[in-house]
Amino acid sequence: MRNSQSPAPATGSPTGTGGPAPADRAARRAVTVFPLLVIAAGLAGLLSPGTFSGYGTDVPYLLGVVMFCMGLTMSLEDFRGVARRPWVVLLGLAAHYVIMPGLGWLLAHLLHLSPALAAGVILVGCAPSGTASNVVTYLARGDVALSVSVATVSTVLAPLLTPPLTLLLAGEYLPVDAGSMVTDILKTVLLPVVAGLLVRLLAGHRVERVLGAMPWLSSLAIAAIVAVVVAGSADALKSAAGTVLLAVVLHNGCGLALGYCCGLLGRLGRPASRAMAFEVGMQNSGLAASLATAHFSPLAALPAAVFSVWHNISGALVAAWMARRAPHGAGAAG
């Protein structure tokens with residue numbers, strides 16, 4: 001699964017000579033532009049809430065656009081990668097769906113979050129891997145093949161794992177209709193992804209010509225989701241911004257660190273451990289925002305909106321630090 005929020009490193013890896021490779025420059029540009037775009041959208045929603053607050057019902061459709069674009073960037077090779085290393089992928093999947101939901105629940109208790117914010121933080125933790133993780137793994141000179149495999153499986157299994165985990169961990173804060181959540185994830189995540197994959201398989205050469213535009217289309221859709229979410233709770237954000245940011249920074253930071261440690265404890269090697277860090281610590285915050293808006297409240301969607309900005313910034317910074325520590329000439333694929 002190639003990245004659907006920012007251009008994927010389609011070919012090559014950093015060469016170490018003569019400046020960055022074209023794919024490397026494209027990836028760096030993507031992880032720089034996307035957070036700026038989302039920040040601008042959030043500010044627009046905060047400063048002019050009346051412009052965006054009436055579009056809450058459109059959030060699932062916007063997410064569908066993102067997931068369809070993701071499906072277009074997928075190929076059968078992504079699934080073959082899972083078959084080649086099933087136990088390593090299973091470890092990444094288990095780490096993702098244990099660490100991030102658990103951290104969300106723990107932070108909700110430690111920070112004494114309100115019921116809506118607690119449910120929102122937990123829901124972010126229960127979401128599948130973030131679609132920016134593949135590019136950030138590439139920039140960190142990590143195991144891109146493993147990153148793609150874990151992201152693919154976590155997304156496909158989201159209808160089976162996200163609702164029951166949310167019910168288990170967030171049910172003490174707000175009522176959770178897990179059955180309805182399963183239906184929503186099937187409609188807004190799995191169906192668009194499968195549709196995109198089928199279009200790619202049936203019209204491969206034609207799709208190849210427009211693949212470069214897909215990441216930017218999905219980036220605009222994510223930015224629109226953030227604007228709508230922020231506008232829906234603009235007043236509450238002014239008083240809760242510090243708490244939400246603290247929860248998001250701790251959630252993401254601990255996820256990155258624990259994901260990396262899981263890779264080391266599993267003796268996967270440093271490139272694979274870098275991939276594990278980003279697959280655990282980076283979430284599909286667009287899905288979390290959509291589900292929170294539909295099943296909880298606009299306030300519950302705020303952690304997802306903030307996470308959408310922060311995990312791209314932190315991911316880029318951590319990737320740059322890891323890349324500097326990588327051996328000279330190390331490749332990005334595992």
Side-chain angles (χ1 to χ4, degrees), residues 38-39 42-43 45-46 49 53 56 59 96-130 158 161-178 180-181 184-185 222 225-259 280-315:
V38 177
I39 290 172
L43 288 174
L46 182 64
S53 58
V59 169
H96 178 87
Y97 276 114
V98 171
I99 290 174
M100 291 304 279
L103 283 174
W105 180 87
L106 182 62
L107 288 170
H109 280 267
L110 292 178
L111 298 178
H112 304 289
L113 299 179
S114 68
L117 290 179
V121 169
I122 291 170
L123 184 53
V124 169
C126 296
S129 296
L161 297 179
T162 297
L165 283 172
T166 305
L167 175 62
L168 175 67
L169 300 175
E172 65 181 281
Y173 293 103
L174 292 175
V176 178
D177 187 344
S180 177
M181 194 174 287
D184 285 349
I185 297 176
I222 287 287
I225 291 174
V226 170
V228 172
V229 168
V230 170
S233 54
D235 292 335
L237 177 60
K238 296 173 184 177
S239 60
T243 302
V244 173
L245 181 61
L246 176 61
V248 165
V249 170
L250 290 174
H251 201 181
N252 170 244
C254 292
L256 292 171
L258 291 175
V280 172
M282 300 184 74
Q283 302 294 91
N284 189 331
S285 47
L287 173 60
S290 176
L291 293 176
T293 301
H295 293 270
F296 299 140
S297 67
L299 180 60
L302 271 182
V306 176
F307 203 100
S308 184
V309 180
W310 175 252
H311 79 156
N312 283 280
I313 295 173
S314 66

Enquirer: So which of T166, D177, D184 actually passes side chain to side chain donor-acceptor pair (under 3.5 Å) with H295?
Expert: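 The side chain to side chain donor-acceptor pair (under 3.5 Å) with H295 is passed solely by D184 among T166, D177, D184.
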Enquirer: Roughly how far, to the nearest 0.5 Å, is the CG atom of L246 from the CG atom of L107?
Expert: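 It is 8.0 Å, given to the nearest 0.5 Å.
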Enquirer: Hey, could you give me the OG1/CG distance between T293 and L299, rounded to the nearest 0.5 Å?
Expert: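 Result: 10.5 Å between the selected atoms.
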Enquirer: Over all heavy atoms of both residues, which pair between A158 and P163 is shortest? Give the atoms and the distance, please.
Expert: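 What the structure gives for the nearest pair is O-CD, 3.3 Å.
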Enquirer: Check step by step if side-chain contact (heavy atoms from CB on, under 4.5 Å) holds for N312 and V38.
Expert: CA-CA 10 Å; N312 283 280; V38 177; over 6 Å; no
Enquirer: Please give me the minimum heavy-atom distance between A108 and I122, naming the atom from each residue.
Expert: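 Closest approach of A108 to I122, heavy atoms only: CB-CD1, 4.4 Å.
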Enquirer: Run the side chain to side chain donor-acceptor pair (under 3.5 Å) test against S290 and tell me which residues pass, sequence neighbours left out.
Expert: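 By the side chain to side chain donor-acceptor pair (under 3.5 Å) rule, S290 matches no residue at all.
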Enquirer: Closest approach of S314 and L256, non-hydrogen atoms and distance?
Expert: OG-CD1, 4.2 Å
Enquirer: Tell me, with the steps shown, if L110 and L250 meet side-chain contact (heavy atoms from CB on, under 4.5 Å).
Expert: CA-CA 11 Å; L110 292 178; L250 290 174; over 6 Å; no
Enquirer: Walk me through it: do H251 and W310 pass the test side-chain contact (heavy atoms from CB on, under 4.5 Å)?
Expert: CA-CA 11 Å; H251 201 181; W310 175 252; over 6 Å; no
Enquirer: Using the side chain to side chain contact (heavy atoms under 4.5 Å, CB included) definition, which of the options N252, V121, N284, V249 pairs with F307?
Expert: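 Single pass found, and it is N252.
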Enquirer: If I compare all heavy atoms of A289 with all of I225, which pair ends up nearest, and what's the gap?
Expert: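 Heavy-atom minimum between the residues: CB-CG2, 3.9 Å.
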Enquirer: G255 and I99: which non-hydrogen atoms are nearest, and at how many Å?
Expert: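 The pair with the smallest heavy-atom distance is CA-CG2, 4.4 Å.
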Enquirer: Working to the nearest 0.5 Å, report the span between OG1 of T243 and CG of L111.
Expert: 7.5 Å
Enquirer: Can you measure from CG (L167) to OG1 (T162) and round to the nearest 0.5 angstrom?
Expert: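 Spacing of CG (L167) from OG1 (T162) equals 12.5 Å.
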Enquirer: With sequence neighbours excluded, tell me which residues meet ring pair (Phe, Tyr, Trp, His ring centres under 6.0 Å) with Y173.
Expert: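 Applying ring pair (Phe, Tyr, Trp, His ring centres under 6.0 Å) to Y173 gives H109.
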Enquirer: Before you tell me yes or no, could you show the steps for F296 and V176 under side-chain contact (heavy atoms from CB on, under 4.5 Å), namely the whole-Å CA-CA distance, both residues' side-chain angles and the distance that decides it to 0.1 Å?
Expert: CA-CA 8 Å; F296 299 140; V176 178; 3.9 Å; yes
Enquirer: Do you know which two heavy atoms are closest between A116 and S297, and how far apart they sit?
Expert: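 The pair with the smallest heavy-atom distance is CB-OG, 3.9 Å.
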Enquirer: Look up atom CE in M100 and atom CE in M282, then write down how far apart they are to the nearest 0.5 Å.
Expert: 10.0 Å
